[in-house]
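Because the structure is a prediction, the values reported are computed rather than measured.
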Amino acid sequence: LTGVECSGTISFAGCDVIVPCAPPDLSYLTNRSQCQSIRDGGECNASCIDTFCISGAEVRFQCPENNTDTSRRPDHISGQCSLVCEVCNLDRLIDTDSRPGWAAGTLRFGPVHNHGQMVVPDVDAYRIQFADDCGNLIGDVVHIEPVGARTFDCCLADAYTVELRDVPVPDGASQLAVALHGAIAQGIGDFPFGAMVQFEDVALNFTTPEPRVRTSGAPRPSPALGALAVVLGCELLIA
């Protein structure tokens with residue numbers, strides 16, 4: 001074909017747009033203003049959230065080359081941020097609701113600590129929620145308990161008492177967790193894991209294993225000996 005009005009266009013079919021990766025998963029505990037949109041094939045360093053309850057330096061992420069998935073989170077390359085605060089005690093709970101899929105009872109727990117240090121800034125509430133076998137929080141938040149103005153010199157095991165009633169149990173729940181809520185003013189928000197006790201959806205006692213603390217990469221043992229020493233010390237003081 002010829003002529004001044006003759007023109008052509010190029011059309012592509014079956015092609016996907018190359019896009020940046022989604023932000024890193026919150027469980028890495030990195031600064032939520034960094035590495036939020038890593039280009040394909042690119043790498044990025046994110047610092048740990050700047051708070052008393054998180055330790056670590058930098059975490060390095062990489063977005064795969066030719067990424068076409070907007071929900072694809074970057075790969076973890078190196079580094080780790082660790083949560084070093086948790087409630088110092090978490091008592092067993094008796095489920096008084098015999099209905100399948102529902103829970104009730106009295107939950108008692110101690111204040112937050114960092115390896116025995118009871119003055120912990122930047123935490124303003126405790127968040128009660130169910131968790132699965134891997135320690136991942138699931139379902140809706142059951143209850144939020146404010147830290148309050150009270151201060152503690154040691155671990156008072158029943159410093160907080162929460163009455164649970166008509167609580168729906170999500171599918172896959174095997175633990176009950178008391179996690180921390182960080183100060184919004186510092187950009188912290190909800191910590192993605194916390195201390196846990198085993199849960200069974202029957203009107204029987206919970207068993208009470210050692211609380212577990214999750215890190216940015218994988219589960220790690222809780223500093224149980226330090227927490228136990230704090231608990232025992234407090235019991236001696238109030239006896």
Given His181 and Tyr126, is the ring-ring contact (aromatic ring centres under 6.0 Å, His included) satisfied, shown in steps?
CA-CA 6 Å; His181 180 79; Tyr126 302 100; over 10 Å; no
Side chain to side chain contact (heavy atoms under 4.5 Å, CB included) assessment of Phe61 paired with Val59:
CA-CA 7 Å; Phe61 299 100; Val59 179; 3.4 Å; yes
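- Asp40 contributes no side-chain N or O that, together with a main-chain N or O of Glu65, makes up a donor-acceptor pair within less than 3.5 Å.
- The distance from atom SG of Cys15 to atom CD1 of Ile18, rounded to the nearest 0.5 Å, is 10.0 Å.
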Set out, in order, the CA-CA distance, both residues' side-chain angles and the distance that settles side chain to side chain contact (heavy atoms under 4.5 Å, CB included) for Phe130 and Val169, then state yes or no.
CA-CA 8 Å; Phe130 286 99; Val169 179; 3.9 Å; yes
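- Salt bridge annotation for Asp75-Arg72: present, with a cationic side-chain nitrogen under 4.0 angstrom from a carboxylate oxygen.
- Here Ile77 contributes atom CD1 and Asn45 contributes atom CG; the two are 10.5 Å apart, rounded to the nearest 0.5 Å.
- The backbone N or O of Gln198 lies less than 3.5 Å from no partner atom in the side chain of Gln175, so there is not a single donor-acceptor pair.
- Counting only heavy atoms from C-beta outward, the side chains of Arg32 and Leu26 approach each other to under 4.5 Å.
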Side chain to side chain donor-acceptor pair (under 3.5 Å), that's the test. Do Gln62 and Glu43 meet it? Break it down for me.
CA-CA 4 Å; Gln62 182 181 50; Glu43 296 186 4; 3.2 Å; yes
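- Looking at heavy atoms from C-beta onward, Leu93 lies in side-chain contact with Leu176 at the 4.5 angstrom threshold.
- Of the possible polar contacts, none joining the Asn114 side chain to the Gln117 backbone as a donor-acceptor pair under 3.5 Å is found.
- The shortest distance between side-chain heavy atoms of Cys85 and Val123 does not fall below 4.5 Å.
- A donor-acceptor pair under 3.5 Å links the side-chain atoms of Gln34 to the main chain of Ser47, judged by distance alone.
- Using a 4.5 Å heavy-atom cutoff, the side chains of Phe52 and Pro121 are in contact.
- In terms of modelled atom types and a separation under 3.5 Å, the side chain of Arg60 and the main chain of Cys44 share no donor-acceptor contact.
- Judged purely by atom type and a 3.5 angstrom limit, Asn67 uses its side chain to pair as donor or acceptor with the backbone of Val19.
- Between Phe109 and Leu90, the shortest heavy-atom distance links the atoms CB-CD1, 3.8 Å.
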Is there a side chain to side chain contact (heavy atoms under 4.5 Å, CB included) between Val120 and Cys53 once you walk through the steps?
CA-CA 8 Å; Val120 178; Cys53 284; 3.4 Å; yes
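- Between Ile128 and Leu107 there is a side-chain heavy-atom pair separated by less than 4.5 Å.
- Atom OG of Ser174 and atom CG of Asp133 lie 3.5 Å apart (nearest 0.5 Å).
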The test is side chain to side chain contact (heavy atoms under 4.5 Å, CB included); show your working for Arg92 and Val197 and say whether it passes.
CA-CA 7 Å; Arg92 68 179 185 176; Val197 288; over 6 Å; no
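- The minimum heavy-atom distance between Phe191 and Arg127, with the atom names listed, is O-NH2, 2.6 Å.
- No donor-acceptor pair under 3.5 Å is formed between the side chain of Thr68 and the backbone N or O of Val17.
- The minimum heavy-atom distance linking Cys63 with Pro74 is given by the pair N-CB, 4.4 Å.
- Contact between Cys154 and Pro111 at its shortest, heavy atoms only, is O-CG, 4.4 Å.
- Here the side chain of Asp95 pairs a donor or acceptor atom with the backbone of Asp97 at under 3.5 angstrom.
- Atom CG of residue Leu83 and atom OG of residue Ser27 lie 11.5 Å apart, to the nearest 0.5 angstrom.
- Nearest heavy atoms, Val167 versus Leu164: CG2-CB, 4.0 Å.
- Using a 4.5 Å heavy-atom cutoff, the side chains of Met118 and Cys88 are in contact.
- The local environment of CD in Glu163 is crowded, with over 12 non-hydrogen atoms from other residues, nucleotides or ligands closer than 6.0 Å.
- Phe152 and Tyr160 have tilted rings, their planes meeting at an angle from 30° to 60° on a 0 to 90° scale.
- In this structure, Leu29 CG and Ile54 CD1 are separated by 4.5 Å, a value rounded to the nearest 0.5 Å.
- In this structure the side chain of Asp50 never reaches within 4.5 angstrom of the side chain of Asn31, judged on heavy atoms.
- Put simply, the side chain of Gln129 gets close to the backbone of Gly139: a donor and an acceptor are under 3.5 Å apart.
- To the nearest 0.5 Å, the span separating CZ on Arg165 from NE2 on His143 amounts to 12.5 Å.
- Thr30 has its side chain within reach of Cys81: a pair of non-hydrogen atoms, C-beta onward, lies under 4.5 Å apart.
- The shortest heavy-atom contact between Ser33 and Gln36 is C-CG, 3.9 Å.
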